[in-house]
Colleague: 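Got a structure for you, questions after.
Residue indices begin at 1 and follow the sequence shown.
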Amino acid sequence: MKINVIIYGSDGKTKDIFLPQDSKTHYFLPGSKDEHLVTIKDIGEIYKIRVVGDHLPTAPGWHLESIHMIEKETHQAVTFDCNCWLFVDAGKEEAIKEFRVFSDQLIPVNQYIVSVHIGDHWGAETLANVYITLYGERGDSGARKLHKSSNPGDKFTRNKVDSFEVEAVSLGELRKVVLGHDREGYGAGMYLKMVTIREAQESLTEWIFPFWNWLDSHLGLCQTVCKLYTTGKRLSTSPIPIAQLGGLWIIDISGSGFESAENLNDFSLSFYGSEGKVQVEVTISGNTLQVKDELAIGTILKVQVSWSRTQVFKSWYLSSIHIKHTVTNEEMWLSFESWMKPNEDKCVEIPALYPHMDPLPVVEYTISIHTGDQMVGRSTGQMYICIEGENGETGKRVVNVSDSDVLSFGKGQIDVFTVKAVFLGQLQKIALGFKKLESDSWFLEKIIVKEDYTCSRSTFYYNDWITSVPGGEFTESIVLLTESAVELKEINSFNSPTKGEWQLQVLGTPTLDEDTDLSVVVFGKHEKSAPQNVTNLNYDPFLLSLGNIGKIMKASFLCTGLTSGRKLHLHKMRMRDVDTNQEIGFYPEKVYLPGEDCSENVAEVAVVLPNQPPLKGVTYSVYIRTGDFPASSTDTDVFITIYGENGDSCKRRLNGSLLPRVFDKGKINFFRIKAVDLGMLSRVHIEHKAVGYGAGWYLDQITIQELDKADIKYLFPCQRWLDTAINDKQTDCEVKLLGKFNRSNEKLLTSSEGTINIILVTDDIPSPGTNFTVYVTICCEKGNYEPVGFGNVTLTRVRSIETLELNGSLGSIQKVRLEMQDGEKDSNWFCKMVQLQHVQTGEIIEFPFLQTLGKKENNLVAELPVLKPSGPFLQVKTYSFISISQAPKQIQIQICFILVWIHGQHWKKSYMQTESMSFKTVGFQLEAVDIGVIHELLIEKEKPTNLQLEKAVVEEGSFIKNKYIFIAQPWKKEKTKMMSMTLQVTETKNDNRSGDLHNEMQSMTSDGEWIIHLSISSEEIQISEIQQHNLHWIIVFYGDKGRSIPLRLEEQNLDQWKDRLTYKVNLTHDLGEIFKVRLGIEHRHEDLGHLFLYHLRMQNTRTLDTFNQSINKILPLSLSGDRWIEVPAEWPLRASLSAVTYSVTVYVSDTVEKKDKLHIGICLHGKHGDTGHRDLNGQHVIDGNEEQLFTAILDAVELGEVHQADISMRSSDDCTLFIKRIHVKESSKKTLYLFNVEESFSIEGGGPETRKEVVISQVVYDQEEETDNSLLLTSNQTKTEEENLVEHKIIVYTGDGRGAGTNANVFITLFYETGESFGRVQLKRPLEDINPFQNGQVDTFIISTKDIGKISHIQIGHDGKGLGNGWFLDKVEIIKESTEETAVFSCNRWLAEDEDDGRTVIQLYP
């Protein structure tokens, strides 16, 4: 144990005295009295001693009873009565205690309450150990570690106040504190707002020690220790409010140095308030003065003391000003501690001090006076300046240089001055007074004012002469604020370079276990780190090797092995550079893994750097559009990575779509991804892992928007197969950004007149510029404007601007071309974006090029199209150029290809190469906005080049290619040094054969094991109960080599998706290419409602051939109704059949007896197989004149030409049935198939089925146009049926918001409680005889259907055709005319691909 003591006296204090001085003797034992001989300087009358114990035992520790001091020569004795225990708590390194001298007049021992106020700045927090020393009239407290805060939570965090107890012998009036911390490195410090101190917890006042700066080794003052001087005291609690009005402020002024009443000094005392200013003139007549005033200025903001060289004749020290209101009891003590000296003009300000309110900081304003180049000689005179802001003004400050108030201003000169004042807020204007001493005038260009508190830079332009009469009074000029900006504080350079080794601390719950794999990826400005394991969540540091990734921006945590029942919650984290000691903080705030919907296994946190706002969290809405080719769909897991200027999102699985998880043909799936702001997006990477022909996917395009920026969308067109058997066999691809939609610039998109600013934007990359000219060409509907050039000087800037006048003759803008002048081999220039800004409207179109132009990249030209929210838009296509020529010897080839098409627009590409071949094929690729049909090609070459061109070929597209062949013509001499050749298209080839795309188009085989996934849902029956109810699925395969027998799906189990059943079935014979399957349920002995089948997936485990098909149909589980569903098998790049509806009517004699006991079934045969036997039993029977009708609606895959109908009959009782004829009509055609039977059948009750095969008798081709609204859903055209139809009135309400109407075709389908559905019916001609579905409109339609029960729900939507096809549907009302029964189906949402979840069709329930 070691003891250190410091003794304080009236004349100073001793140095540290370490005890014991003899380490061989044991001291401080229980009950012992230890003597030590020490030598100290004379410190006057001793009044206290401080004891610092190091290596003390824990509680109860060491008991110190008393300390006695005896002066050896005079025998003067001093006693300190201690009687206390000294020990260390956990985490403490030493114990400190102060003891006062035992005497008649005891000095109190105070429990000072020290409060440290951390500012509300990004990165203001620190993990450092903080120490403080208090200084007062009676010495200091010594350095004390601020160990335990009385306020809950972590110490020294952003915008927090931590309070600590510091016990010390009373220091009297406090004057300053010294506060510091022990951590070096950028970001390791803190932003200290101020320190407040009370003598005790119950004290009514507290001292204020403001700082308002960074305490960081690389920021602000670049120091970790600061001295803070008090600006005064304030009440610690607010006075009780008093309703009484009136009263005075009593102002007590304290100072020192007054000697006599001769030559009395004067000074001005100004009070600034929320409602004005009051100035009180004070004459110094003693060391204490009192002034009374009402100060009717509202809330006092600051107090200003000022004096001039004409007011002060003898120095006087202003100590403090105390003000108190006689009624409200508001009170504050302001500590000025300033000398008033003769021959100086000075001003001192202190902010008002109110309880529980942060005082305004005192800041230093740096003022730069810029004299214009118009000056000829110099202008000499005196000047004052008064800066005014939202918090008041500085008052008139006389500007001095080297104690002289005479200034001289010369041509182009910049003079810098400083003014200290209470923070003024946003600056507004400057009053500048000038009194010239000579005849020359002064031309003031501008004034720039900077301050470090908010890092603001305010510019005041004047650009005029300031004149005054020589020797006269001041001439005042008012200069208004022109512009303001924020400039980040400069960071002090690091002493040593970083090697990329960082320590990471993460606190999370619960702790990691063996099944949980948590890793972190750190993103920098240049690149990102590799994933690295997080070893613990206990806030213990572990090492990360990041390498040189640049300025760190965010961290992404990736987790596997977690479920919804076990989540990780990340509470806080911090990083520290091992080499530079830089520290980085994070503000996690509700970071969970997996995410809230249990779909996200990635959580991102933005880096927080001092005084720099972190990247915000963004929710991205991702719209995935699947192509509408056969077999475009997939139900596999799809992963996406979004890239932007701030890194990428990490790979995310697309889950949680508001539509089914299947990526269905021609549909849009909608997802949300939470990530740290990626900045401007540039590309996406999309992938899946499904293997096998048909298991892949045709991705049309991806659209992404930020959730809070609904007007702006990023478009990424893909238009390719991601399938292991098609194209390049890849299941992943990278898709570049084509452009951005912006709904707010629709006027500019259609405008053809006005002035536009063309803005070139580079990036903050090293040397983004070029030494050559870059041209921007605006391409319009009817031609191009002349290219606008940007010279080498402007291109080195981040933003370059030129102007262009639109004359209206060329129509609206279609695209922008960017072309770099052909220059030196290593010349290059990076273009981030081209912006077109309409000067009159302010609207902007952005073209995000995001590429480097230059010879080094073999890329001198780039194009991007205009994207209109209403569509359509042009694509950027790949064009391949091949030229075949002969050269007699080694030559240098320089050819320029110019492509010409409709409207005379062109695209240019140069090629240069030296070869020693007599026969040369030159080929290269370029990307350009779709130029349509090519009809002309212009080729140029240098005259000396002996090149004989035979032909040129242009290929358009990457996978589906169009070829244009041009036969060469003689060269034509030009006036320049070039020769040219203009060629017309000789031959065009369209290479869009599927065989070129499908790499393995051999005949398909279907034998072997198939895995079948069936996605279903039901309100009446749980999926897991299907087997309990003895429901067995039957499947029949149809191929081009035959059909299988009905196969029962025996094995079933629930896989990871709760709504999906999985089966295995074995085909023993090869059926060739499967073109359809039929699914059904057998053995139904009870009514179980219905199942909704929405998707089928089948894969052959041997060949991996796979097909996905959305079904979206209801399968009745009742005792009546059709129990079969047919699904067409679609294969990529092969023709497929369609699902259709057959309306079947069986006409029988009206003499049928016991018809309720009779069951009739039918099987239709056609070119493409059969429908299987389908029951007519349970279908509605219509009684006509002399005839009875059995009807059925069969959903089936199209049969082609129907040639046979097999009818089956059975009955529970004996009966006779006479069948006259059978009518079959396919819904998609206008053809009626007639089967004449005219035969009587005797049916034995309970016996076997009676079957009859009937061949086609007649085919009737109906040429009449189909009716839109009154479509007969049963397809029967007989008079008997028409008389039994019922009319429904369909009333459609369109929303009244902007753009709510649609020009698309709208369709409706009705669903009945029986499980039947009728439709779909196009709603085309409303009774109101107006254009339907416009904003706020109500449209009424009449449709006729069979009367078969109550409508259970409807399906309504549109086909997306036409401009502005989005539609806001409010509701639909359906009224059954015969009974006036009404059903209301509320919608109240958008049906649009670019709104909400992207759906254009929806099911509605009453």
Side-chain angles (χ1 to χ4, degrees), residues 212-214 219-222 345 347 349 360-376 378-402 404-436 440-468 474-492 611-612 764 797-799 801:
W212 299 101
N213 211 330
W214 288 95
L219 279 172
L221 303 176
C222 297
D345 297 286
C347 181
E349 293 185 353
L360 292 171
V362 176
V363 300
E364 184 173 82
Y365 290 94
T366 301
I367 304 166
S368 301
I369 307 291
H370 292 247
T371 300
D373 292 335
Q374 292 84 345
M375 295 283 291
V376 177
R378 303 184 70 83
S379 183
T380 304
Q382 296 172 320
M383 182 180 71
Y384 69 77
I385 193 166
C386 177
I387 308 172
E388 184 175 329
E390 58 185 349
N391 295 336
E393 62 179 40
T394 61
K396 295 179 180 179
R397 305 289 185 98
V398 176
V399 180
N400 297 306
V401 176
S402 300
S404 172
D405 60 353
V406 178
L407 307 175
S408 180
F409 302 99
K411 177 180 179 180
Q413 182 174 316
I414 300 175
D415 296 277
V416 180
F417 312 96
T418 59
V419 168
K420 277 191 175 183
V422 172
F423 180 58
L424 297 170
Q426 175 65 52
L427 302 188
Q428 297 168 342
K429 64 182 179 180
I430 293 177
L432 185 143
F434 184 66
K435 181 170 65 175
K436 66 180 181 179
D440 293 334
S441 296
W442 174 34
F443 189 90
L444 174 63
E445 179 187 342
K446 63 183 175 182
I447 303 173
I448 297 176
V449 180
K450 296 182 180 180
E451 51 88 3
D452 288 340
Y453 172 58
T454 61
C455 305
S456 69
R457 181 180 189 270
S458 303
T459 304
F460 302 79
Y461 282 99
Y462 191 69
N463 286 321
D464 203 354
W465 294 94
I466 294 179
T467 59
S468 64
F474 280 94
T475 299
E476 186 172 274
S477 303
I478 303 299
V479 190
L480 299 178
L481 176 69
T482 307
E483 62 186 28
S484 61
V486 174
E487 298 178 340
L488 292 178
K489 290 179 178 289
E490 293 186 3
I491 301 172
N492 194 20
N611 230 26
Q612 299 182 35
D764 56 347
R797 304 170 187 162
V798 175
R799 287 169 58 92
I801 302 177

Colleague: For Gln428 and Leu481, what are the C-alpha separation, side-chain angles and deciding distance, and is it a side-chain contact (heavy atoms from CB on, under 4.5 Å)?
Modeller: CA-CA 5 Å; Gln428 297 168 342; Leu481 176 69; 5.7 Å; no
Colleague: Do Val419 and Ile367 touch side chain to side chain, with heavy atoms closer than 4.5 Å?
Modeller: yes
Colleague: Specify whether Trp442 and Phe409 have parallel, tilted or perpendicular ring planes, treating 30° as the upper limit for parallel and 60° as the lower limit for perpendicular.
Modeller: parallel
Colleague: To the nearest 0.5 Å, how far apart are OG1 in Thr371 and CD1 in Ile414?
Modeller: 9.0 Å
Colleague: Heavy atoms, side chains only, cut-off 4.5 Å: are His370 and Ile448 in contact?
Modeller: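 Contact flag for His370/Ile448 side chains = yes.
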Colleague: Can you give me the closest heavy-atom contact between Gln382 and Phe474, atom names plus distance?
Modeller: O-CE2, 3.4 Å
Colleague: Give the intermediate values and the outcome of side-chain contact (heavy atoms from CB on, under 4.5 Å) for residues Glu476 and Tyr384.
Modeller: CA-CA 9 Å; Glu476 186 172 274; Tyr384 69 77; 2.5 Å; yes
Colleague: Would you call Gln413 and Met375 a side-chain contact if the rule is heavy atoms closer than 4.5 Å?
Modeller: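 A side-chain contact is absent here, since even the closest heavy-atom pair is not under 4.5 Å.
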Colleague: Using modelled atom types only, decide if a donor and an acceptor are shared between the side chain of Arg397 and the backbone of Lys420 within a distance under 3.5 Å.
Modeller: yes
Colleague: Which atom pair, heavy atoms only, marks the closest approach of Gly425 to Glu390?
Modeller: CA-OE2, 3.4 Å
Colleague: Under a 4.5 Å cut-off applied to non-hydrogen side-chain atoms, are Val486 and Thr454 in contact?
Modeller: no
Colleague: Could you give the distance from CD (Glu364) to NZ (Lys450), rounded to the nearest 0.5 Å?
Modeller: 13.0 Å
Colleague: The test is side-chain contact (heavy atoms from CB on, under 4.5 Å); show your working for Phe460 and Leu427 and say whether it passes.
Modeller: CA-CA 10 Å; Phe460 302 79; Leu427 302 188; 3.9 Å; yes
Colleague: To the nearest 0.5 Å, what is the distance between OH (Tyr365) and CD1 (Ile430)?
Modeller: 10.5 Å
Colleague: I need the Cys386 SG to Lys429 NZ distance, nearest 0.5 Å.
Modeller: 9.0 Å
Colleague: Carefully, step by step, assess Ile491 and Gln612 under the rule side-chain contact (heavy atoms from CB on, under 4.5 Å).
Modeller: CA-CA 12 Å; Ile491 301 172; Gln612 299 182 35; 4.2 Å; yes
Colleague: Rounded at 0.5 Å granularity, tell me how far CD1 in Ile369 sits from CD1 in Ile447.
Modeller: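 CD1 of Ile447 is found 4.0 Å from CD1 of Ile369.
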Colleague: Can you find a heavy atom in the side chain of Leu407 that is under 4.5 Å from one in the side chain of Asp415?
Modeller: no
Colleague: For the CD1 atom of Ile478 and the OH atom of Tyr462, what is their distance to the nearest 0.5 Å?
Modeller: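 These two atoms lie 9.0 Å from each other.
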